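Predicted model only: the values in this text are computed from it and were never measured.
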Amino acid sequence: MANSVLIGKIHMDCPICNMLHEVEERTRMTSTFMKGEKVFYEEHFYICTNNSSTSNSESPGDQKDSREFQPESLVNSNQMAARNAYRRTHDLLTSDEIVAVRENYGLTQVEAARLLGWGEATIARYESKAIQDEAYDTMLRIIQENPLQAIALLDKNSDKFPEPKRMQIRTRMVERLDSYGKEFLSRQVFAGEYVKFSVPSDFNGYKLLDIDKVESVVSYFAERIADLYKIQLVNLLWYADALFFKTCGNSMTGLVYRHESMGMMPIGHASLTGLKNVIVQAEEDYESSRYRFYQNAALDPFGLSKNETAVLDTTIAKFRNYDAALMVSYVQEEAAYTQTGSGNIIPYSLAKKMRAL
């Protein structure tokens with residue numbers, strides 16, 4: 001029981017003492033081997049608390065208490081936790097995420113397998129026992145992220161579905177596409193502008209574009225800076241990415257910045273205002289319009305690491321009271337700006353010459 005945590009108590013038939021009584025439910029971090037690789041995961045187990053049962057002490061050299069047991073349902077749950085730990089290590093969808101992909105379109109396990117052109121039991125195995133390989137995971141991610149691809153697959157495999165059912169599924173997919181709206185299209189456009197930067201390099205700070213991270217950073221800035229407008233925001237993004245690169249060796253968001261008249265502008269910045277999780281309001285006057293950004297309270301507050309929030313806080317402390325004109329003037333004096341030409345990509349290596357914030 002060393003290093004275990006008590007999470008509750010439950011009455012049950014105890015297989016250790018063969019009596020109905022209250023047992024402890026505990027959890028601990030442990031390890032096992034999956035596909036020849038050691039993985040760490042959270043394991044749940046029960047402890048018999050009946051004093052008349054087997055000795056309460058652990059035997060010398062034993063790792064488990066002799067009063068410890070796991071019913072079959074808990075064994076299966078622990079095995080699933082181990083498989084999901086392996087999946088997360090290899091950036092594969094977890095079993096729950098696979099279920100969510102399927103249920104997003106109202107599909108049964110068999111229907112999802114037919115949609116993807118797989119054996120009918122394939123999805124069921126991935127949701128319960130087997131670990132998908134990278135090729136299968138890629139297909140699942142495609143329909144997760146792109147309802148248009150899901151519709152195309154349904155049309156391609158239409159002969160595998162009764163017509164009423166096919167129309168029902170297609171209607172659900174179209175609804176999902178409509179619910180994505182400008183967010184789906186803006187993400188596609190945004191990601192499309194980064195096709196040339198699909199390999200980690202000095203231009204993206206050795207990190208691929210992470211749109212979710214961009215959304216979180218925008219919301220973080222907007223929560224802490226009153227009257228945050230686009231010119232200020234895009235230059236704040238450069239300072240945050242540059243400082244993170246300077247201290248951690250890679251950028252925070254994977255954004256690529258270009259030398260423009262208004263400062264360090266990220267490629268694809270026009271798509272920022274179309275992202276669903278970026279809350280923005282256009283303010284019109286007689287001559288132009290400008291975009292004001294607001295916090296998105298619905299975003300996961302734990303989506304940013306301690307190192308990331310520390311860098312963002314440093315950036316905010318410096319520029320909180322800078323308006324657009326002062327921000328641009330300050331940016332234009334940075335070595336990353338003066339040592340690059342108009343329209344050129346700004347390499348992150350120049351962040352090392354950034355003035356202290």
*Asks:* Indicate if Ile345 and Leu237 have the same hydrophobic cluster label, given that clusters are the connected sets of ILVMFWY residues with side-chain heavy-atom separations under 4.5 angstrom.
*Replies:* yes
*Asks:* Let's go through Tyr136 and Tyr126 carefully: what are the C-alpha distance in whole Å and the side-chain angles of both, what is the deciding distance for side chain to side chain contact (heavy atoms under 4.5 Å, CB included) to 0.1 Å, and is it a yes or a no?
*Replies:* CA-CA 10 Å; Tyr136 280 76; Tyr126 291 160; 3.6 Å; yes
*Asks:* I want to check something: taking the side chain as every heavy atom from C-beta on, are Met34 and Arg83 in contact at a cut-off of under 4.5 Å?
*Replies:* yes
*Asks:* With a distance cut-off below 6.0 Å to the six-membered ring centre and an angular limit of 45° from the axis, does Arg290 pair with Tyr229 as a cation-pi contact?
*Replies:* yes
*Asks:* Under a 4.0 Å N-O cut-off, is there an ion pair linking Arg114 with Glu120?
*Replies:* yes
*Asks:* Please find the pair of heavy atoms, one from Lys246 and one from Met354, that lie closest to each other, and give the distance.
*Replies:* NZ-O, 3.2 Å
*Asks:* Looking at Tyr41 versus Tyr86, is the centre-to-centre ring distance below 6.0 Å?
*Replies:* no
*Asks:* Is it the case that Arg26 and Ser4 place a side-chain donor and acceptor less than 3.5 Å from each other?
*Replies:* yes
*Asks:* Side chains of Tyr257 and Asn204: any donor to acceptor distance under 3.5 Å?
*Replies:* no
*Asks:* If you measure from CD on Gln232 to CD1 on Ile225, what distance do you get to the nearest 0.5 Å?
*Replies:* 7.5 Å
*Asks:* Salt-bridged, Arg141 to Asp91, with N to O below 4.0 Å?
*Replies:* yes
*Asks:* Considering residues, nucleotides and ligands other than Glu37, do more than 12 of their heavy atoms fall under 6.0 Å from its CD?
*Replies:* yes
*Asks:* Look at atom CD of Glu163 and say whether more than 12 heavy atoms of other residues, nucleotides or ligands are closer to it than 6.0 Å.
*Replies:* yes
*Asks:* Regarding Lys353 and Gln339, is there a side-chain donor-to-acceptor distance under 3.5 Å anywhere?
*Replies:* yes
*Asks:* Linking I/L/V/M/F/W/Y whenever any side-chain heavy atoms sit under 4.5 Å apart, do Leu304 and Leu299 land together?
*Replies:* no
*Asks:* Roughly how far, to the nearest 0.5 Å, is the CG atom of Leu115 from the OG atom of Ser158?
*Replies:* 11.0 Å
*Asks:* Check the side chains of Thr253 and Asp210 for a donor-acceptor pair under 3.5 angstrom, ignoring hydrogens and angles.
*Replies:* no
*Asks:* Give me the atom names and distance for the closest heavy-atom approach of Ile16 to Cys48.
*Replies:* CB-CB, 3.8 Å
*Asks:* Minimum heavy-atom separation for Asp202 and Pro347, please, with both atom names.
*Replies:* OD2-CB, 3.2 Å
*Asks:* Would you say Lys35 has more than 12 foreign heavy atoms packed within less than 6.0 Å of its NZ?
*Replies:* yes
*Asks:* Show your working on side-chain hydrogen bond (donor to acceptor under 3.5 Å, both in side chains) between Asn104 and Gln144 and close with a plain yes or no.
*Replies:* CA-CA 8 Å; Asn104 185 48; Gln144 176 192 45; over 6 Å; no
*Asks:* Are Ile346 and Val234 grouped together when hydrophobic residues (ILVMFWY) are joined by side-chain heavy atoms under 4.5 angstrom apart?
*Replies:* yes
*Asks:* How about Phe245 and Tyr206: do any of their side-chain heavy atoms sit closer than 4.5 Å?
*Replies:* yes
*Asks:* Could you tell me whether Glu334 and Arg355 make a salt bridge, using a distance below 4.0 angstrom between a side-chain N and a carboxylate O?
*Replies:* yes
*Asks:* Is the Phe221 to Phe293 ring centre distance short of 6.0 Å?
*Replies:* no
*Asks:* For a quick check under 3.5 Å, do Arg87 and Gln132 share a side-chain donor-acceptor pair by atom type?
*Replies:* yes
*Asks:* Please report the closest heavy-atom contact between Glu127 and Met80, naming both atoms and the distance.
*Replies:* O-CE, 3.1 Å
*Asks:* Using the six-membered ring of Tyr105, assess whether NZ or CZ of Arg176 lies under 6.0 Å from its centre and within 45 degrees of the ring axis.
*Replies:* no
*Asks:* Let's go through Leu236 and Leu228 carefully: what are the C-alpha distance in whole Å and the side-chain angles of both, what is the deciding distance for side chain to side chain contact (heavy atoms under 4.5 Å, CB included) to 0.1 Å, and is it a yes or a no?
*Replies:* CA-CA 10 Å; Leu236 284 169; Leu228 179 63; 3.8 Å; yes
*Asks:* For the residue pair Tyr239 and Phe319, is the inter-centroid distance of their aromatic rings smaller than 6.0 Å?
*Replies:* yes
